[in-house]
Amino acid sequence: MSDDSTTQCLLFPDIFRKPVVAHFDQREGSSDGGALLLKAADHSLGLLDELTACLQESRQAGKVDHSLRELMAQRVFSIACGYPDANDSARLAKDPIHKLLLDRDPVEGNDLASQPTLSRFENGVGVKELYRMSEGLARSVLRRHAKRLRKRAYRITIDLDPTDDPTHGAQQLSFFNGHYDSWCYLPVLGFVSFNDEAEQYLCAAVLRPGNVGAAVGAVGLLRRLVNMIRSYFPGVTIRVRLDGGFAHPAVLDFLEAQPKLEYVVAMAKNAVLKRIAAPGVRRARQLSRRSGKTEHLYGEVHYAARKWSGPRRVVIKAEVVRAAGKDPKDNPRFVITNLKQSPQWIYEQVYCQRGDIENRIKLRPAKALELTVWQRRIDQTVRPIGRSLRGRSGEATDRSKPSDNVPTLARVAPEPRGDGASASIRRRWG
């Protein structure tokens, strides 16, 4: 027997008078005791029952050892505990806590489902069932908060954000994404928040190939969410916040066609917008030289890209970023909106608040976003639910820190048209 196989059992010998001895020889032990809180959370949410009701049992009754509800619960709880791989079921099948999560006796109860059983379960779900499960997740979130708020919300905010899910091996629909510099899937996650509350709730998750644009599937997802929200909260004002990848003509046309809907959508810079923002950037550069700090000004323009149905209001943030040991860098930002407030308020108080969503996704544990490592069907609903039960981490961080003293500069000037775009300018740099 090697020394490496000897387990230390005498702890803190120089601290206490009496020896502290720890033994780890209990056969029915588990390190997942906290998972019982997940069971309590699901008992309150009713999420697993909602999802299981969307599935159809097609197996022969005489050959069934594990119900669909048990398979769903086993998979969700395993992922929430940090076991995203179905192969982990080989050692979790006898775990007393995981048995207890499925209402089985932790010692004498039957073992949980094996990896082949879970794999057949995941691959046996069709497109229609996935669609119903996605709706079930959104209904569960909205129904719970409609009850909590007594349907008295005055504003509900929808945030959509794509994120990379790195893949390993020859997985279907895995493609190289130049932006993330990796082979991945590109799922889009949807969150809702109510009134002025800071908390955001996962309500949608859609698996997509790794090489799609951010806007792919966005219109369908937004349509479903908007309709559901209106059914649970009649007359509520809906606000949609989207990143630059969603600035697609079809998405913008859909948003503008909806009643009582506000939107702020980031937009990538182009030659025309950079030319419009140039006076503000020059002014911000002058201020930055004098202060030695990052400075920014705000303006706006009515701009129409070539493929747009008409001109839209674009908020401009003309910023010069200054960091220690580096040259100042121009950083103009553009946000499309139908809000009527000032450019500074729209950018800082509305758009920058969506940075919390990005931070929560970026700060997730490595295993928490294993949305689709092994399966590309049922996992696109099951895995995000496991993460939502476990909870999200990260604090809200604004991507813009306004300076204490913001100078103003008003200017009205004609702008030449070019690059297939038109702009009617009313700029207020301040």
Side-chain angles (χ1 to χ4, degrees), residues 27-126 129-130 132-134 136-137 140 165 202 205 207 364-391:
R27 296 184 60 184
E28 289 80 21
S30 175
S31 60
D32 293 324
L36 296 177
L37 298 176
L38 300 177
K39 182 176 176 63
D42 179 66
H43 180 74
S44 174
L45 300 176
L47 197 53
L48 293 177
D49 291 334
E50 180 87 34
L51 296 177
T52 305
C54 301
L55 304 178
Q56 293 183 352
E57 178 63 87
S58 58
R59 299 173 296 174
Q60 297 181 19
K63 299 180 179 180
V64 173
D65 293 328
H66 310 279
S67 67
L68 291 178
R69 208 277 184 188
E70 290 176 333
L71 294 174
M72 176 71 74
Q74 180 180 346
R75 201 70 185 99
V76 169
F77 288 137
S78 296
I79 294 168
C81 290
Y83 306 103
D85 194 339
N87 288 333
D88 292 323
S89 60
R91 63 190 181 91
L92 296 178
K94 299 179 181 295
D95 188 283
I97 292 296
H98 286 262
K99 287 184 180 180
L100 198 59
L101 293 176
L102 270 64
D103 298 320
R104 299 186 182 184
D105 187 279
V107 178
E108 299 179 356
N110 295 331
D111 291 349
L112 305 184
S114 63
Q115 178 269 322
T117 301
L118 291 176
S119 295
R120 288 192 295 270
F121 166 66
E122 292 178 340
N123 286 285
V125 178
E129 291 172 309
L130 282 177
R132 291 196 296 267
M133 290 173 66
S134 298
L137 171 60
S140 176
D165 181 17
L202 175 70
L207 174 65
R364 78 265 187 196
K367 286 188 177 182
L369 197 67
E370 289 289 337
L371 292 173
T372 49
V373 171
W374 288 96
Q375 302 297 334
R376 68 185 183 89
R377 282 178 168 265
I378 195 172
D379 280 2
Q380 56 181 297
T381 298
V382 168
R383 291 183 183 270
I385 293 165
R387 290 199 327 282
S388 67
L389 283 177
R390 181 168 53 184

Which distance, rounded to the nearest 0.5 Å, do you find between the [atom1] of [X] and the [atom2] of [Y]?
| X | Y | atom1 | atom2 | result |
| --- | --- | --- | --- | --- |
| Asn123 | Leu118 | CG | CG | 11.0 Å |
| Leu92 | His98 | CG | NE2 | 4.5 Å |
| Leu51 | Leu130 | CG | CG | 10.5 Å |
| Asp95 | Asp88 | CG | CG | 11.5 Å |
| Glu70 | Asp65 | CD | CG | 9.5 Å |
| Arg75 | Phe121 | CZ | CZ | 9.5 Å |

[Y] backbone acceptor or donor facing [X] side chain under 3.5 Å:
| X | Y | answer |
| --- | --- | --- |
| Glu122 | Ser119 | no |
| Gln74 | Leu112 | no |
| Asp32 | Ala35 | no |
| Ser89 | Gln115 | yes |

Original post:
Do other residues, nucleotides or ligands put more than 12 heavy atoms under 6.0 Å from the CD atom of Glu57?
Top reply: yes
Kindly give the heavy-atom pair with the smallest separation between [X] and [Y], and that separation in Å.
| X | Y | answer |
| --- | --- | --- |
| Leu48 | Met72 | CD2-CG, 3.8 Å |
| Ser30 | Pro96 | CB-CG, 4.0 Å |
| Gly124 | Glu129 | O-OE1, 4.0 Å |
| His66 | Arg59 | O-NH2, 2.8 Å |
| Leu36 | Leu100 | CD2-CD2, 3.7 Å |

Original post:
Does the pair Asp111 and Lys99 meet the rule for a side chain to side chain contact (heavy atoms under 4.5 Å, CB included), with working shown?
Top reply: CA-CA 7 Å; Asp111 291 349; Lys99 287 184 180 180; 3.5 Å; yes
Original post:
Taking the side chain as C-beta and beyond, is there a heavy-atom pair between Asp103 and Lys39 under 4.5 Å?
Top reply: yes
Subject >> Presence of salt bridge, Asp42 and Arg69, under 4.0 angstrom >> reply: yes
Original post:
Yes or no on side chain to side chain contact (heavy atoms under 4.5 Å, CB included) for Leu45 and Glu50, after CA distance, side-chain angles and deciding distance?
Top reply: CA-CA 9 Å; Leu45 300 176; Glu50 180 87 34; over 6 Å; no
